[in-house]
Structures are given as C-alpha cells and as structure tokens.
Amino acid sequence: CRYGKEESFLQKELGYKKYTNKKSKRDETHKEYLFFIEKKINSDVVVDAPLNYTGSKAGLVQKLKKFIPPKEKVSLCVDLFGGGFNFGVNMPYQRIVYNDINDRVVALIRMFYENDCSALIKKIKATIKKYGIEKGNRNSYLKLRELYKINPSPLILYVLILYGFQQQIRFNGKKEFNNPPGNRWFNECLLSRCISFCRTMKNNRVDFLSNSYEIVLQTLGAGSFIYADPPYTGTLGVYNDGKRGFYGWTPKSDALLLDSLDAASQRGAKFMLSYVDDGSAFIVDWAKKNNYHLIHLDSNQGKYNRRKELIVVNYENEAIG
C-alpha cells in the first residue's frame, strides 16, 4: 500500500448474520472482514511518476532521502538529469529545478505541474476516446503517432507512452517518437500515480530547464543542492548512443561532469552523484582525491534488478557520519 505501513496490516474475520426472508436460504458462512493499516507519515510516502522511465530512482528515493542536506540549508534543489522526476518530486525543498536535455520530456513533466489534476485526467481520457486508442489497437496508435510528428503536444505524447510497447519513451534522430504499439493501457494504477504526482508537484515551486548539465552547473553555488543521476557509460540505455536527436553519453561526458561538480563544490554548492556501483575506478578515485563521501546502496528496484548504487556526496550529515 503506497500510503500505509505494510508491517501494520491486520485482517479480522467476523461472523455476520446475512439478511434473510422467507424465500432466501439460511447462509451460516456469511462473513464480514475488517482491515486495518496504519497510515505512513508524509515523509515516508514515495510519489512515483506515472512514467516507465529508464533509470528511474523511484525504488531508491527513500534510501537517498536519508543522505540529503537538511532543508534549512538548501534554497535551491536541482534535479540535473531530471528524467521521470522521481527524485525531485519527493524532495522537501521549497524551490526545485527540473532539468533534462530532452525538451519533449521536459514539456511532458511540465504538463503535470501546470494543469489542474482533474482537468488533466479529463484531457487524457478525452484524447484516448477521440482517437480511438485502446490496448492492442495498432492502427489507431500509429495514426496518433503520425499526428504527433505534426503536433508534438505533451498530451499526445503521454497517450502514446501509455499505449506503447512497455510504455517506453523512445525517439529517433529526428526527435520523432518511434516506440511501437504495445499491450498496455491507462489503468487504475497509472491513474492513481498521475493524481499523486500532479498534486505533489504543486506543493513546491518547480522551474523547468532544458540545458546541458555543464551550463546549469556553471550557475550554481552556495545554497544549492545538486542531484546528478547521469546516464551510465557502461549501460545500454537508449539515451546513451546519441542517435535519438539528443546528445549521447561518453567517457568524456563523465569527465566533464566530474570537473563541473568540482567547480560547483568550490563555489559552495552541495551535490549528490548517483552512479552504478560496478567497480568504476574513476568514480572512486575522484571521490577519494577530493575527500568526498562514498555510500554503497542496494537499489532493490524490482524482483530481478539487484543492481548496486554508488552515491558520492561532498557534505556531512548525521546518516553519513
């Protein structure tokens, strides 16, 4: 349960006398069930973005939150590689910057922030109905995908994602959405995630950028907290190859990022770098050279994903020691 403590769950079975009349049969097995679950405090609730975003940190957010700086010492939180915004939307800071090099995804996340939740849900459902989009309907999906080339609205993009293969976000070199149709749909779980994501975003001020990370980092100093979750050089994410209409990611990108974080640190900014814990010596060597803290985490993101996460921070807090 997203809003309840799993360990508090209780179920009670009670005998319950069923209403009977002269025509009905007596039923001694009729039962009433009572369920109890203690609600989590707000800080324990993780808001999951309504997107299937590669590299999402939804399953790691609670662990990461233990190591963030106190909100009293942060005037600006920057989600540098924003993606699905699972990190930024769960942060306690009053002002947050969402940045991503993919301007189409930036417009999509902004849509959830700028629209009234109920009105947005109605728009999503109206778009699905208008274009006859349904699970497994290949023809209507491909027609809408063609329309997106002419009218690249975030609303159409979201409907395409909902009904696309594995609900993936994928573009070609012309920035055209090219994910094929799939067998998923706008179900009750995604509806719930849309509502909680949309409402939670509005609790804070969120600014949106679509710049390269080095440009954003040049502007940050004291009072800023940077969360950097870059593409990983050794992984196979579709955003790594530079063939999707956006910049690819290479070892040079890694080196420039680390240099840029060093420069921001020297200006007084705090940062948290998240990287796959695959024994990458250059990350460990860089952290030790600069006396940054290294934190090893088990990501626990899914039954089959036991990937380890390496966290580097340049500040102190009680959890770090």
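- Put simply, the side chain of D79 never gets that close to the backbone of V97: no donor and acceptor are under 3.5 Å apart.
- A donor-acceptor pair shorter than 3.5 Å cannot be found between the side chains of T200 and N203.
- Between F186 and Y163, the ring center distance fails the sub-6.0 Å criterion.
- One side chain, D262 or Y292, offers a donor N or O that lies under 3.5 Å from an acceptor on the other.
- The shortest heavy-atom contact between R205 and Y113 is CA-OH, 3.6 Å.
- Summarising the geometry, atom OG belonging to S210 is positioned 8.5 Å from atom OH belonging to Y98; distances are rounded to the nearest 0.5 Å.
- S274 and E309 share a donor-acceptor pair across their side chains, judged by distance under 3.5 Å alone.
- Side chain of N314 to main chain of F271: a donor-acceptor pair is present (N/O by atom type, distance under 3.5 Å, no hydrogens or angles).
- Note: the hydrophobic cluster containing I215 does not contain L258 (ILVMFWY, side chain heavy atoms under 4.5 Å, direct or indirect links).
- Between F165 and P181, the closest side-chain pair of non-hydrogen atoms is not below 4.5 Å.
- Atom OG of S212 and atom CG of L257 lie 11.0 Å apart (nearest 0.5 Å).
- The distance from atom CG of L80 to atom CD1 of I226, rounded to the nearest 0.5 Å, is 7.0 Å.
- Rounding to the nearest 0.5 Å gives a distance of 5.5 Å between CG of L144 and CD1 of I156.
- For F171 and F177, the ring centers are positioned less than 6.0 Å apart.
- Within a 6.0 Å sphere centred on CZ of R138, other residues, nucleotides and ligands contribute 12 heavy atoms or fewer.
- In terms of heavy-atom proximity, E134 sits nearest to S140 at N-OG, 4.3 Å.
- No donor-acceptor distance shorter than 3.5 angstrom exists from the side chain of N151 to the backbone of L147, with no hydrogens or angles considered.
- Distance CD1/I311 to CG/L294: 10.0 Å, rounded to 0.5 Å.
- Here the side chain of S196 pairs no donor or acceptor atom with the backbone of V47 at under 3.5 angstrom.
- A donor-acceptor pair under 3.5 Å is formed between the side chain of W249 and the backbone N or O of P231.
- Taking both residues in full, the closest heavy atoms of I121 and C194 are given as CD1-CB, 3.8 Å, listed atom of the first, atom of the second, then distance.
- The shortest heavy-atom contact between C77 and F87 is SG-CE2, 4.4 Å.
- Side chain of N211 to backbone of N99: no donor-acceptor contact under 3.5 angstrom is found.
- Considering only heavy atoms from C-beta on, M272 comes within 4.5 Å of Y315 through its side chain.
- In terms of modelled atom types and a separation under 3.5 Å, the side chain of R145 and the main chain of N179 share a donor-acceptor contact.
- A distance-only check finds a donor-acceptor pair linking the side chain of T127 to the backbone of K123 [under 3.5 Å].
- In summary, the aromatic rings of F81 and Y213 are positioned with their centroids under 6.0 Å apart.
- For K149 and E146, the salt-bridge test passes: some basic side-chain N is under 4.0 Å from an acidic carboxylate O.
- In this structure, a donor-acceptor pair under 3.5 Å is present between the side chains of Q166 and R184.
- Contact between R199 and C117 at its shortest, heavy atoms only, is CG-SG, 3.3 Å.
- For K270 (side chain) and V74 (main-chain N/O), no donor-acceptor pair under 3.5 Å exists by modelled atom type.
- Within the model, atoms CG of L220 and CG of L261 stand 10.0 Å from one another, a figure rounded to the nearest 0.5 Å.
- A donor-acceptor contact under 3.5 angstrom links the side chains of D254 and Y275, judged on distance only.
- The heavy-atom pair separating V312 from A287 by the smallest distance is CG1-CB, 3.9 Å.
- Screening K175, R170, E176, K174 for a side-chain hydrogen bond (donor to acceptor under 3.5 Å, both in side chains) involving N172 leaves a single residue, E176.
- Residues L162 and N187 form no side-chain contact, since every pair of their non-hydrogen atoms from C-beta on lies 4.5 Å or further apart.
- Remark: the backbone N or O of M91 is not paired with any side-chain donor or acceptor of K65 at under 3.5 angstrom.
- Annotation for K66: atom NZ does not count as buried by contact number, only 12 or fewer foreign heavy atoms lying within 6.0 Å.
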